[in-house]
Structures are given as structure tokens and as C-alpha cells.
Amino acid sequence: MTQAAVPKAPNFIRQLVAEDTRTGRFGHRVVTRFPPEPNGYLHIGHAKAICLDFGIAQEFGGRCHLRFDDTNPTKESQEYVDSIKGDVRWLGFDWGEHLYYASDYFEQLYTWAVQLINGGQAYVDDLTPEQLREYRGTLTEPGRESPCRTRSIEENLDLFGRMRAGEFDEGTRTLRAKIDMASGNLNLRDPVMYRIRKATHHRTGDTWCIYPTYDWAHGQSDSIEGVTHSLCTLEYEDHRPLYDWFLDQLGIHHPQQIEFARLSLSHTVMSKRKLLELVEGGLVSGWDDPRMPTLAGLRRRGYTPEAIRDFAERIGVAKADNLVDIAHLEHCLREDLNRRTPRVMAVLRPLKLVIENYREGQVEEVEAVNNPEDPAMGTRRVPFSRVLWIEQDDFRETPPPKYFRLSPDAEVRLRYAYIVKCTGVVKDPRTGEVTEVRCSYDPTSRGGDAQGRKVKGTIHWVSAPHALEAEVRLYDHLFSVPKPDEAEDWTSVLNPHSLTVLTGCRLEPSLKAATPGSRYQFERQGYFSVDSVDSSPSRLVFSRAVGLRDTWAKIEKGGR
RNA sequence: UGGGGCGUGGCCAAGCGGCAAGGCGCGGGACUUUGGAUCCCGUAUUCGGGGGUUCGAAUCCUCCCGCCCCAACCA
């Protein structure tokens, strides 16, 4: 597997695991797991966790399991299971034989529940959800014990068996752990272990009508799998005492849970609820909309697994709440794509350029470098002729200061071809808009050789008669503010310009064979990938993964 | 007013009693047939604040302040 060149930064988790490995606390073994609930698509925040879980195991010669925590049949589905497996694999990780489901442990969990009942540590409660809430107390007031708390073991056994048999309706009874209704930690106020759900589970079907809660299933699942280090996010810190309590009562293997801060990214949202809302509300085209922070979306956008792994490593792991600038993610993508992507010329907003002294009908082929960062990628030949397409932005009738591109009487280099001088423009008589730029070329400057002259600007072009047409989708941040979660109404702060569709874009002919998913650098513009869903040989569609750093845009913006 | 966490430059983040790594961003410069890439240089006398311990503290003690999480039969 490709590893980032940057040395692994120290973090508290690596240190703890290293210490346990050194002391042999778990027999020098390291077993971790990534435990998603199959109720949504994975996003960049999960990528951080995946890289951590699999990364730590890899580093210490251990293994990492993929386990689906599928304890809530009403929210989960096979579609999510499949997408999650695909995403983890795509990210570059392999769980080998170690694919598990919490639902595989339902019978064992049931047996253990009976064991706790027999030990007087669990009881069947008849309280309704509303009553349960009342009895739980508040943050500052202790809860009250349920009248059912003193039921006999025999009665509990009987009732629990009948719960399983389907004798009771949903919401009428639960199995609760008997811990401490006065605990300052609400998780210890007799938490629910089983609830009745007459729902079909995506794996166990209708075998069960009672389902373990996450709290009752998670710790034991880790224990069954022999997990040594159970990494999870901060909000589970309060649950650790509960997991420890269960494990102690059962007297089974005790993993070490370690909590870290989840990732927050600027200009996007990460909660499954909001992501689902974007999808179902049609605010985006789907889970794989290139603007989504989902792995499916990032992949379609043109992100590479390497860039995401590098990002995960660079942002580090700690316990402080954080908000990572999305520019950091974009930087990692540029760095990766810069060295692996072939360069190509594409004109997004075409403006006709006619070379008056270039013979009509003549065609030359100029040689272009495929990737200056990697000579091994070779060169290609690009057709050149009298009529070209250039970028509208590369011509200004009245150029601002420090404008190096084309303007009346100015000279510019056509990349890999000739140096041309602007001799005039043709305007639409009605609108005054420039519809065509005229110029003359210097035949001695073939290849772009300035021969000592100072030609500061170099622009890209595409020969008009040879050009391929394509649709290009320009993506920008999904939200126009860094912290959409803090807005009064988060959907009101969606970026109205997050997608700009350009049609009639002109590409150099070498792109004819571009295959779905392949990535290119459109010179001077950015990194683009062939859309894996909508592109076809007869209708090319490109997505901009990320723009190139644009110094001129900065100058022009600040200079005004 | 309960319990659990966290506070190091604009954003991440090292640091673990010996005198503030690194990355992103930002600013400046060099170079350049991508205003790309690359390369330099700059960017916290200070670590939420006050006391204290110590020859010496971001690192130990203490008080205070601020932020986050917990009252689903969600995970």
C-alpha cells in the first residue's frame, strides 16, 4: 500500500498502543476494528477513523476488523452495507477474513442477557418510553427506580423469554441493566439492553423481534472479536464505564476503549441526518454528488484514496474539538494529482482567435509535454491551425495592470506553439461584445521560443477544427460559510454557485479516448476527471476536482 | 446546580520540568513556455487567566474563565 512520504506524527493513541505493546498488556497483539452502522454512506470523517483503525493495526503488525453494528433494523439496509464495504476497499484497506456483524452475535448476546438476569443484574421493565424518560431524572436530579426493578428472577426470565417469543407489542417492555438510578452518569441509570422491534432485519430477517441496543451490543462485540484497542469518538467517553460494567459482570475479555475527536470540515456538513436530508430533499443529486463530503462523492469528484489518506495523516488525531479548513483537503489532492496526472489543454469558455498570417488550411503538430513533473510520461502531438479557441479570460480589451495575457497590440505565447501579437478584434455590432480576436504570429517562434524577447504570458489553446466538445462541471464548496452548522437555517447557507455547468467547452483531440474516472490537469485551470456516471464517448462530461492555485486571481482581487 | 471531556499562532497539531516541531493558510522573494509546480524567507518572547512549587513550567499544584458531549426503547 502506498504510504505518505511524511513521517508518522506522534499522537496519543499511537503512544498508548505502543505502550501496551511494549508491556505486553494484550500479549503483544493489536486488534482494532472499524464499526459502522449500515444506515448511511461513509464520509470524510469516517475516512479519518478508518485510516486510524486500519493504520494503527498495520503499524503494530496487528489486524483490523470491519464490523457492522447492525442492531437497529429500522434504519439499516444492505445497500449501505455494500457501499461501505466498497468505500473502505477503495480507500485502500483490507479486512481480510475479518468481516463481522453485530447481528452474528445476537444469540450470544441473548445468552449473556439471561446470565445477567440470573445474576440479578438485569430486569424486564414495563415502563413506557415516556415513563422511562420521567424515571430517568435529569442532569442534576437523580432518577427513580422502576416498580419493576424488584421483580423476581423467575418472573424476569419468563417475561424476557416471552419478549423474544413475540408476545408483547413494541414499546411495552424492555430489558434493563440494574445499575444505579442515582448515578451522575446517565448511562448508568439502568440502561435499556433490549427493546421490542417487530421489524425485518436485513440479515436476520424475522428471526428476532427483540434487538439489543448499541450500548449492550458494542462492548461485547469487541470482546468476542478479541479487540485490544477499541477506538471511537469523544461522545462515547461517557459510555465507557457502562461497557466496562457489562464486561466485568460477564467476566469476559476487556478491550481498551480510547476516544478521539471526530473530524469537522469547513464549508460542509457531516451529520448523517443532514447528509440524508440533502439527498432526499434533492438539494444534491445523490450520495455520490461530487459536492458531497461522502467518499462516494469525493471519488466521483476525482479525489484519490492517496490524497484522502494523506489528509487523514496530516490533520492528526487529538481530543480537542476541531474544524479543519477544507483548503487543507484540497491541498492534499493537488499535491497528489500534480505528480500523477497528465496535462492537457482545454478551453472552458471559448473565444475565437484567428491568426491572420497563418495559411488557411495549414495544420502543424506541436509537441507537448505530458507531465513536467514526470518525464517518463512522455510527450504527445497536438494539432495547430489558423483558427483557435482561447479562454475568454485570456483576452482583455482594456487590460488591468500586470495583465500578462492578450490585449490589443500585446504579445503572448501560445503554449508549445507560437508567439502571437494581437492585431484587432471583431465585435458584435449589436452588443459590442468581442466575438473574435485577430492576431499575427511569428513563424520563427515555433515551439514557443521567445528568442530573448520578454513574453511574460503563456496561454493555452485548442485548434478549432480539431476540437472535441464537452460539458464541464465546475464544483465549489457546498456551503458558502465555513460553519453551516452554526447558521440559523443550515440549508439557507448552501452555496448557490456550488455547481456551474459549462457546455460547448473545447478540448484537444487527445482526450477522445478519455475513460470514465480518469483524471487530467487542464493546464492553467485545475484537475478534472471524466464523470463516471454521465460521461460517454459521444458526450464527454468532466468534473473539476479542484482548481489550480490561482495567483493572478489573487492579484486582481487584491489590486483593485 | 450532576457526570464526562477539552483549551498551544487564522486553522490543524507536536510538546510529557530545561527554555514553543511540523503542516494548511497568509505575506514577500527566486525560478518558470502552466501567473502551475519547485525553492527560499517571514508569520506565538508565548502556550485560556490568576496564584503557587522550582534555579527553571506550555509541561507539576491550585483557583477561576470559556467551549463541547450526556436526560433516544439511535448509534
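So you know, we letter chains A, B, ... as the sequences are listed, proteins then strands, and number each from 1. This structure is a prediction, so every number in the text was calculated from the model and none was measured.
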OP1 or OP2 of B/C74 under 4.0 Å from side-chain N/O of A/T74: no
d(CG, A/D550; C1', B/C26) in whole Å: 16 Å
Sugar-phosphate only, base, or nothing, as touched by A/E523 at under 4.0 Å among non-hydrogen atoms: base
Side chain A/T138, main chain A/E141, donor-acceptor under 3.5 Å: yes
Atom pair distance, as rounded to whole Å: CE in A/M345 and P in B/G36: 18 Å
Whether A/Y101 and A/F68 hold their rings parallel, tilted or perpendicular, with breakpoints at 30° and 60°: parallel
Side-chain heavy atoms of A/H43 within contact of A/D87, under 4.5 Å: no
Sugar-phosphate only, base, or nothing, as touched by A/F522 at under 4.0 Å among non-hydrogen atoms: nothing
Rounded interatomic separation in angstrom, taking CD1 from A/I390 and P from B/G35: 14 Å
Watson-Crick or G-U wobble mate for B/C6, both contacts under 3.5 Å: B/G66
Touch class at under 4.0 angstrom, heavy-atom based, for A/Q521 against every strand present: base
Sugar-phosphate, base or nothing in reach of A/P10, heavy atoms under 4.0 Å: sugar-phosphate
Strand partner of B/C31, provided both Watson-Crick or wobble distances fall under 3.5 Å: none
Side-chain N,O (A/H331) to OP1/OP2 (B/C24) below 4.0 Å: yes
Nucleotide paired to B/C16 in any strand shown, Watson-Crick or G-U, under 3.5 Å: none
Distance below 4.0 Å between A/R133 side-chain N/O and B/A72 OP1 or OP2: yes
Value in whole Å for how far the P atom of B/C69 lies from CG of A/D485: 11 Å
Basic-acidic side-chain contact under 4.0 Å: A/D442, A/R453: yes
A/R415 CZ to B/G36 P, straight-line distance once rounded to whole Å: 12 Å
base_contact_polar (B/U38 base, A/E373 side chain, donor-acceptor, <3.5 Å): no
Short side-chain N/O contact to B/G25 OP1/OP2 from A/R549, under 4.0 Å: yes
Sugar-phosphate only, base, or nothing, as touched by A/R176 at under 4.0 Å among non-hydrogen atoms: nothing
Touch class at under 4.0 angstrom, heavy-atom based, for A/V317 against every strand present: sugar-phosphate
Atom-to-atom span, CE of A/M181 to C1' of B/G2 - whole angstrom: 14 Å
Polar side-chain contact A/R334-B/G36 base: donor and acceptor under 3.5 Å: no
N/O donor-acceptor pair under 3.5 Å between A/S223 side chain and A/G219 backbone: no
Between B/G3 (P) and A/N185 (CG): distance, integer Å: 11 Å
Closest listed nucleotide, where the reference is the side chain of A/L132 and the choices are B/A71, B/C73, B/G35: B/C73
Sugar-phosphate only, base, or nothing, as touched by A/I315 at under 4.0 Å among non-hydrogen atoms: sugar-phosphate
Distance below 4.0 Å between A/T128 side-chain N/O and B/C73 OP1 or OP2: no
Main-chain N/O of A/Q521 paired to A/Q525 side chain as donor or acceptor, under 3.5 Å: no
N/O (side chain, A/R195) to phosphate O (OP1/OP2, B/C74) under 4.0 Å: yes
Sugar-phosphate only, base, or nothing, as touched by A/N72 at under 4.0 Å among non-hydrogen atoms: sugar-phosphate
Euclidean distance, atom CD1 of residue A/I459 to atom P of B/G36 [Å, nearest integer]: 16 Å
Chi class for B/A14: syn within 90° of 0, otherwise anti: anti
Sugar-phosphate only, base, or nothing, as touched by A/Y211 at under 4.0 Å among non-hydrogen atoms: nothing
Presence of A/R524 side-chain N/O under 4.0 Å of B/G35 phosphate oxygens OP1/OP2: yes
B/C26 phosphate, OP1 or OP2, under 4.0 Å from A/K554 side-chain N/O: yes
Electrostatic pair A/R415:A/E523 at N-O distance under 4.0 angstrom: yes
Touch class at under 4.0 angstrom, heavy-atom based, for A/P35 against every strand present: nothing
N/O donor-acceptor pair, side chain A/Q15 with base B/C16, under 3.5 angstrom: yes
Donor-acceptor under 3.5 Å (A/T174 side chain, A/R176 main chain): no
Sugar-phosphate, base or nothing in reach of A/K402, heavy atoms under 4.0 Å: base
Sugar-phosphate only, base, or nothing, as touched by A/H460 at under 4.0 Å among non-hydrogen atoms: nothing
Sugar-phosphate only, base, or nothing, as touched by A/L323 at under 4.0 Å among non-hydrogen atoms: sugar-phosphate
A/D325 (side chain) and B/G25 (base): donor-acceptor pair under 3.5 Å: no
Touch class at under 4.0 angstrom, heavy-atom based, for A/D449 against every strand present: base
Pairing partner of B/A44 (Watson-Crick or G-U wobble, both distances under 3.5 Å): none
